[in-house]
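Data block below; observations after.
All values derive from a computational prediction rather than experimental measurement. As the structure lists them, so they are numbered: ligands from 1, and atoms in each ligand from 1.
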Amino acid sequence: MNGDQFSNKSVSELLRNVAVAYQLQEGSDSGKNNRFKIIAYQKAADTVEHLSRELKDIWQEGKLQKVPGIGPGIGSGISQLFENGTSSHFNEVLKGIPVTVFLLIKVPGIGPKKAFRLVAHFGLTNTETVIEDLRNLARSGEIAGLEGFGQKSQIDIIEGLDVYERHDRRDERMPLSYAQKIASEVISYMNKLGPVIKRIDTLGSLRRRVATIGDIDLAIKVHDTSYSKRDYPSFRDNPYKQIVDHFLAYPGKRTVEAAGKRKASILAAGNIRIDLRVQDAESYGSMLQYFTGSKVHNIKLREYALKKGYSLSEYGMKVVKRETQNVKRTVIPAQAGIQSGSPIEGKEDIVKFKDEESLYAFLGLSYISPELREGTIEIEKAAINAVPQLISLSDIKGDFHMHSSYDLKSSHDLGLNTFEEMTSRAKELHYQYIGFSEHNPKQKGLTEAEVVEIMRMRKVYIDKTMKKQHLPYFIGLEVDILPNGGLALPEKAFEYVDYLIVSLHSSFKMNMIEMTKRALKALSHPKVKIFGHPTARLLGKREGVEMDWDQIFDHVVGHDQALEINAGPPRLDLPDSLVKEGVEKGVKFFVNTDAHAVSHMDWMINGVNVARRGWLEKKDVVNTWELKDVRKWMEKSY
Ligand code: DGT
Ligand code: CA
Ligand code: CA
Ligand code: ZN
């Protein structure tokens, strides 16, 4: 028995486990009427976890019953525990559930029932290794075969384990795409509440589309309460409470961190924090703006507003100087098309905003997309109506980094799907052209002549296959950059491709000068049009290489070459900050997925998010251009 056993944290953990045990009984005879017990134990666990005093001290004073949420049943179990070091009351419920079940449910995406089935089926009873054991099973494909699990569920488990390992255990940030997935689940759950919710938006880093996310922030606009009761008599008096209560009952919730009248925070599995704020329609714009951040943007915006005589808060703007009344009167009518979101003057001289457009317009600024709100020069640009027209997913007309299953004896991995399968997905995505870029044939074991022949045959095959497909295509190839900057492809093979992507796949540890020289040498071949995933970073696993980016920018600008924004979640490379630096120097970009399967072609949105955070417009991204312009650009060589 260790002393920690009686800490608030241990007791709340135990109560949570009892709730899980009741959840596992649901659906069986003994599990009837368990709902109330589950909720009661979860509530008690939340209370105990956040008590400001030790529960044991309270018990010793005989005041256990005074703790809210601890009724006679749970109370007697806790008394037993403190008295005897164990509680027959709780043990009875927990009987027969392997301890590893309670470890597995900490992994996002694995609920009690799934955890129990995995433990039972695979005999996962070693508490030391259960996480590692599950990962190995998932990686070796054994989970997909289990009834009720399948391929998708197996991928979810691998992702969930990754987030558990990095976000929960090591306190690292989680990938945007994962945070977005969790947020979407919460949003669709919240929307079940019906018309009391008018809309839901993300806030914070999630809304700004930062590549990695600390916690998830959500905003809810409550339906206009003044007429909601008339139109929807079923509405309760307090829609805020209704929304917050519904949020606190989210099935994916593990613990409640905080609950207020118009806001609440919960933790989901994997230690993923979700913050929710509820606001009424007339002030929604201010709230959205304030909690979207970033902090630096908000500081700068506040300073900007102050100069115009307003003090900015999450509720609206207050006039701080008399003479600024004039500004207000002249600014509003001058902004065309903002009537719907026009500010409303409140009683206390506070100007409220229904939406962000009217808020920025009120300050004489054009709308600033959340992706730009990092406190660089966005406010200055908005003041002169010069914010960029950011690209969006629908602007993408093709993907130039795709690996098919065509076997050209490459030393890296092939894709899973055929040219036809990838083409057919491209058509569904309304692409107007595509480019194939398998890895180059390996150098060891093949003669130059053999490599050239492989490349010739591939071209013949692609031309023949694509003739029937009616989608314009480019024949590319992803070529390794050798440590000395040479390309892993014989010169004679170059005539069988339209373009080359050059990428770093080895020898990452080089000093900046050497690495820059190496990259510049690789980029010196006229068939090279794209520098693939330029920093070669792997998120959470490998830092990007050191490079003199200014030299790279200058080179590609001068030679009609482009840098890739690799949209694959493991990479997201170039990172947004370098994209922004590059575009300021006139660099062109491709947003590509590096798909090794048809399903990866949906990664494009990740790259578009990076592009938007890097201030890119259509003119900067080659694969948003018309086919004829892409062709012209591809054929340019120096
Ligand atoms: P994250 O969660 O680390 O990925 O980054 P953010 O930007 O989402 O930061 P978070 O969740 O702490 O706060 C959300 C936004 O709310 C943040 O960008 C700025 C804004 N904000 C304004 N005032 C405050 C404040 O007093 N406290 C916090 N936490 N946020 C504030
Ligand atoms: Ca956040
Ligand atoms: Ca937050
Ligand atoms: Zn690739």
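- Some N or O of G214 is nearer than 3.5 Å to an N or O of ligand 1, by distance alone.
- Side chain of E564 to backbone of H533: a donor-acceptor contact under 3.5 angstrom is found.
- Here's the thing with D275: none of its N/O atoms is less than 3.5 angstrom from an N/O atom of ligand 1.
- When distances from the Ca ion (ligand 3) to the N, O or S atoms of D275 are compared, OD2 comes out shortest.
- Near R173, meaning under 4.0 Å from one of its heavy atoms, ligand 1 places the atoms 1 (P), 3 (O), 4 (O).
- Using a 4.5 Å heavy-atom threshold, the side chains of R612 and S392 count as touching.
- Heavy atoms of D217 found under 4.0 angstrom from ligand 1 belong exclusively to the side chain.
- Taking each heavy atom of I266 and Y250 in turn, the nearest pair found is CD1-CD2, 4.0 Å.
- The closest protein non-hydrogen atom to atom 17 (C) of ligand 1 is G293 CA, 4.1 Å.
- Distance check on atom 3 (O) of ligand 1: some protein heavy atom falls below the 4.0 Å cut-off.
- Below 3.5 Å of separation, one finds no N or O of N298 facing any N or O of ligand 1.
- In terms of N/O distances under 3.5 Å, ligand 1 is not approached by S294.
- D215 contributes OD1 as its N, O or S atom closest to the Ca ion (ligand 2).
- At a threshold of 4.5 Å between non-hydrogen side-chain atoms, the residues N592 and W603 do not count as touching.
- Within 4.0 Å of atom 26 (O) of ligand 1, not a single protein heavy atom is present.
- Aromatic ring pairs are classed by plane angle as parallel below 30°, tilted from 30° to 60° and perpendicular above 60°; the pair Y360 and Y367 is perpendicular.
- Heavy-atom minimum distance, D215 versus S205: O-OG, 4.2 Å.
- For ligand 1, none of its N or O atoms has an N or O atom of K295 under 3.5 Å away.
- If you number the atoms of ligand 1 from 1 as listed, the ones under 4.0 Å from a heavy atom of I213 come out as 4 (O).
- Summarising the local packing, CD of E543 is surrounded by 12 or fewer heavy atoms from other residues, nucleotides or ligands at distances under 6.0 Å.
- The protein heavy-atom contact nearest to atom 22 (C) of ligand 1 is Y290 CE2, 3.4 Å.
- A donor-acceptor pair is defined here as one N or O able to donate and one able to accept, closer than 3.5 Å; no such pair exists between the side chain of D201 and the backbone of A219.
- Numbered from 1 in the order shown, with element, the atoms of ligand 1 that lie under 4.0 Å from a heavy atom of R208 read 7 (O), 18 (O).
- Close approach of ligand 1 to T292 is summarised as follows: ligand atoms under 4.0 Å from at least one heavy atom of the residue are 18 (O).
- The cationic group of R542 lies under 6.0 Å from the six-membered ring centre of F508 and within 45° of the ring axis, placing it in a cation-pi geometry.
- Under the 6.0 Å cut-off for aromatic ring centres, H596 and H401 do not qualify, their centroids lying 6.0 Å or more apart.
- At the shortest separation from atom 1 (P) of ligand 1 among protein heavy atoms lies S205 OG, 3.4 Å.
- Between Y178 and H167, the gap from one ring centroid to the other reaches at least 6.0 Å.
- Shortest contact from atom 15 (C) of ligand 1 to any protein heavy atom: F291 O, 3.1 Å.
- Within a 4.0 Å radius of atom 29 (N) of ligand 1, the protein contributes no non-hydrogen atoms.
- Counting just the N/O/S atoms of D217, the one with the shortest distance to the Ca ion (ligand 3) is named OD1.
- Taking the six-membered ring wherever Trp is involved, the centroid distance between the rings of Y310 and F362 falls below 6.0 Å.
- The shortest distance between side-chain heavy atoms of R135 and I158 does not fall below 4.5 Å.
- Within a 4.0 Å radius of atom 6 (P) of ligand 1, the protein contributes one or more non-hydrogen atoms.
- Under the 4.0 angstrom criterion, atom 12 (O) of ligand 1 counts as lacking any protein heavy-atom contact.
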